[in-house]
Amino acid sequence: MQLAGPSGSGKSTFAAGLSGIDAYVSLDDLREARGSRSDQRANQEVLGQALDRLDAALAAGGTVVWDATSLTPHQRGLAGGVARRRDALTTHAVLLVEEDELHRRNAGRAHPVPAHVLAGQARRFVPPYPGQAHRTWYVGARGTVEDVDGVLAEREA
């Protein structure tokens, strides 16, 4: 499963609520292990390490979560390429949260990102469309799947 959404959209929280996850690859966790999750200077090295971990996890089998912003088709394509080489079924979990809500959430986060960075992420975010993965889930601000593959899911009353 590849998560996609700006910082503070709820990607990690959503993933934490999933069952049956065999491996979890988080770029923030890898940066934090290097000393600071906000340190972007070694992003290429961190990304390489993350892609290697993704490849190893997919080779082992099971369900793997890729936790990164994955804002653009290019960014999603890097992890997607690893999944295709491993013939893995893919799910995009797209977190759709209004920008004002992102800024509100960001203010209360343990690791907030600068406001201008968050605004830039919101501008660059090009959500994936159905058909760009085997399955697409659209997750709303409440952290629940509200639409599947572009067909509104039934909602509970």
Are [X] and [Y] close enough that some pair of their side-chain heavy atoms sits under 4.5 Å apart?
{"X": "Val82", "Y": "Trp66", "result": "no"}
{"X": "Pro73", "Y": "Gln132", "result": "no"}
{"X": "Tyr129", "Y": "Val94", "result": "no"}
{"X": "Val97", "Y": "Arg105", "result": "yes"}
{"X": "Leu3", "Y": "Ser70", "result": "no"}

Inter-residue atom distance [X].[atom1] - [Y].[atom2], 0.5 Å rounding:
{"X": "Phe125", "Y": "Leu96", "atom1": "CZ", "atom2": "CG", "answer": "5.5 Å"}
{"X": "Leu30", "Y": "Gln49", "atom1": "CG", "atom2": "CD", "answer": "4.5 Å"}
{"X": "Arg34", "Y": "Asp29", "atom1": "CZ", "atom2": "CG", "answer": "14.0 Å"}
{"X": "Arg123", "Y": "Leu71", "atom1": "CZ", "atom2": "CG", "answer": "11.5 Å"}
{"X": "Leu47", "Y": "Arg31", "atom1": "CG", "atom2": "CZ", "answer": "9.5 Å"}

Worksheet entry | Residue pair Gln121 / Thr69, side-chain donor-acceptor N/O under 3.5 Å | no
Worksheet item: Counting heavy atoms not belonging to Glu101, are there more than 12 under 6.0 Å from its CD?
Response: yes
Worksheet item: Does a sphere of radius 6.0 Å around CD in Glu98 hold more than 12 heavy atoms from other residues, nucleotides or ligands, not counting ones at 6.0 Å or beyond?
Response: no
Mind listing the closest non-hydrogen atom pair of [X] and [Y] along with its distance?
{"X": "Gly143", "Y": "Phe14", "answer": "O-CD1, 3.5 Å"}
{"X": "Leu27", "Y": "Ala68", "answer": "CD1-CB, 4.0 Å"}
{"X": "Thr90", "Y": "Ala83", "answer": "CG2-CB, 3.6 Å"}
{"X": "Ser7", "Y": "Val113", "answer": "OG-CG1, 3.9 Å"}
{"X": "Val64", "Y": "Ala57", "answer": "CG2-CB, 3.7 Å"}

Worksheet entry | Asp149 side chain vs Arg135 backbone, donor-acceptor pair below 3.5 Å | no
Fill in: Test log, rule side-chain contact (heavy atoms from CB on, under 4.5 Å), inputs Ser9 and Leu102
CA-CA 6 Å; Ser9 59; Leu102 291 174; 3.8 Å; yes
Practice prompt. Could you state whether Val65 and Trp137 fall into the same hydrophobic cluster, counting links through intermediate Ile, Leu, Val, Met, Phe, Trp or Tyr residues with side-chain heavy atoms under 4.5 angstrom apart?
Written response: yes
Worksheet, complete the sentence: Tested for side chain to side chain donor-acceptor pair (under 3.5 Å) against Gln2, the lone hit among Gln75, His92, Lys11, Arg76 is His92
